There are 2 protein chains.
Amino acid sequence: MTEQQKKILLVEDDPNFGTILKDYLIMNEYEVTHAKNGMEGFEKFKKDDFDLCILDVMMPYKDGFTLAKEIREKNTDVPIVFLTAKAMKEDVLKGYKVGADDYLNKPFDSEVLLMKIKAIMQRKATETVADSKQFQFKIGKFDLNSKLRFLTYDGGEQIKLSPKENELLRLLALHENDLMPRELALTKIWRDDNYFTSRSMDVYIAKLRKYLKLDPKVEILNIHGEGFRLVINSES
Amino acid sequence: MTEQQKKILLVEDDPNFGTILKDYLIMNEYEVTHAKNGMEGFEKFKKDDFDLCILDVMMPYKDGFTLAKEIREKNTDVPIVFLTAKAMKEDVLKGYKVGADDYLNKPFDSEVLLMKIKAIMQRKATETVADSKQFQFKIGKFDLNSKLRFLTYDGGEQIKLSPKENELLRLLALHENDLMPRELALTKIWRDDNYFTSRSMDVYIAKLRKYLKLDPKVEILNIHGEGFRLVINSES
DNA sequence: TTAGCATTTAACCTTACATTAACAAAAATG
DNA sequence: CATTTTTGTTAATGTAAGGTTAAATGCTAA
């Protein structure tokens, strides 16, 4: 892994603070593009690829959150850090919804900022695409997070899954619209294929069906003597 | 990241065995400091930074476990490997409590030692630097200052945290919204993974939950059989 | 030494999970 | 079409994990 200078987009309207921060980051081996407001920030964002965006929240013309939303539309991955005034606690949460990786109260300790930047870069570097996607499945209106063992319906309600429920649903999702052989689940999840484990599996199929009822387009069909099939119906 | 020679502190009283081992390690690109007993070992430890300590358990003046305890007081991170006589099974466990990363029965296969050393170094290398240096966390409306061990609610009320409370919360915050495996906390904080330490950890989880109740958006969720998850809910 | 902590251990309770049982329904089979 | 096999579903059971509180222990500093 070759060490390369990381590019940071800094959007901060206060000229004094902005310049100081920029210089500090450059001193610490980052390549910094400084924009003085949200509009300019977005223009610069479109023109280059950045490894990190640091956005002030309070800015004329276009505030940090709005800018973040626009950036997210273009690029879902780039880490975003917000700079906020100490007072605004609630807005901070709003920031998280936009997908902030972190935020800092002004004034802040520059060392802390540096640490956070490093931590974020590190995280991004190690979380390979394969890594994070392996556990995420879209099942109709549901999202299955197989690592944390929960099923989200339509971005809202969260259903906790037991280990067996989770593994079974994951296996079904892996074979979406296709046959998931009984035997496969039994050997992979139950590690044994006999009458009782088979009945146990049926019990789990029933549980999953109950959860999935929330979305009428999603169903688990049985293929007699063969296994099951997770289908997502397209017609309404 | 530049490859650099790793420093090993070897504390072993048997002059023959010690010298052979030292030479063997040097042959394998390690920088080795050899001490002949626990007293000397501690003196040398204080004078330098080591990447690994290899301690014989049976030694005159100061045994390996006692030395390890002293080393731990100075430095909680440095990996420790014990060399034990084949017989002592029980003592080995005692060693784990001190926070041993591994142990080896004498006589042992030098290849095995080398492998273990490599594995330990690797493990430490991936425990990111950023992680170990991060001490400030925003947890919903709370601010955790992990260095000074206190939790501030909404800029006002300050809650003092005990060392264990602090470390546990810090570990949870480091894994915010993600799984913090039980085992991780037990090995990192309690340095031992058994029924009682596990129950102790549960007690601390309860304490943290009590503190965190001030902000209803913050909760510690359990993932049965896996660990805990610190989540900050965005919706109100 | 004691007072004041932090931490562990203990006890007891609740919840979560997986399996098994029991019975109903559907599908296959001859 | 009667019978067997497979599947659907719900409930009961046993065990393990976690939650909570209090008491016991250990530690440290006055």
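It should be emphasised that the depicted structure is a prediction, and the values quoted were computed from it without experimental measurement.
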Would you name the heavy atoms of B:F135 and B:K147 that are closest together and state the gap between them? CE1-NZ, 3.5 Å
Just call it for A:K210: base, sugar-phosphate, or nothing, with non-hydrogen atoms closer than 4.0 Å on any strand. sugar-phosphate
Residues A:N145, A:Q136; criterion side chain to side chain donor-acceptor pair (under 3.5 Å); working and verdict: CA-CA 5 Å; A:N145 185 326; A:Q136 292 277 143; 3.1 Å; yes
Assign each of B:S200 and A:S200 to its nearest nucleotide of DNA chain C by heavy atoms, then name whichever residue's nucleotide is nearer the 5' end. B:S200
Can you identify which nucleotide, out of C:dA6, C:dT20, C:dT9, has its nearest atom closest to the B:Y204 side chain? C:dA6
Using a 4.0 Å heavy-atom cut-off, does B:S162 contact any base of the nucleic acid, only the sugar-phosphate backbone, or nothing at all? sugar-phosphate
Is A:N166 reaching over with its side chain to a backbone N or O of A:S146, donor-acceptor style, under 3.5 angstrom? yes
Taking atom P of D:dT25 as reference, at what distance in whole Å does atom NZ of B:K164 sit? 18 Å
Rounded to the nearest 0.5 Å, what's the gap from CD1 on A:I159 to NZ on A:K210? Could you check? 12.5 Å
Tell me which nucleotide among C:dA21, C:dT8, C:dA6 gets nearest to the side chain of A:V203. C:dA21
Determine to 10° how strongly the helix from C:dT1-D:dA30 to C:dG30-D:dC1 is bent, judged from the axes of its five-pair ends. 30°
Side-chain contact, heavy-atom cut-off 4.5 Å: B:I117 with B:V81? no
Polar atom pairs between nucleotides 15-19 of chain D and protein, under 3.5 Å, N or O only, would you list them?
residue: D:dA17; atom: O4'; partner: B:H224; partner atom: NE2; Å: 3.4
residue: D:dG18; atom: OP1; partner: B:R182; partner atom: NH1; Å: 3.4
residue: D:dG18; atom: OP1; partner: B:G225; partner atom: N; Å: 3.0
residue: D:dG18; atom: OP2; partner: B:R182; partner atom: NE; Å: 3.4
residue: D:dG18; atom: OP2; partner: B:R182; partner atom: NH1; Å: 3.0
residue: D:dG19; atom: OP1; partner: B:R209; partner atom: NH1; Å: 2.8
residue: D:dG19; atom: OP1; partner: B:R209; partner atom: NH2; Å: 3.0
residue: D:dG19; atom: N7; partner: B:R199; partner atom: NH2; Å: 2.8
residue: D:dG19; atom: O6; partner: B:R199; partner atom: NH1; Å: 3.2
residue: D:dG19; atom: O6; partner: B:R199; partner atom: NH2; Å: 3.1

Think A:W190 has a side-chain N or O under 4.0 angstrom from the OP1 or OP2 of C:dT19? yes
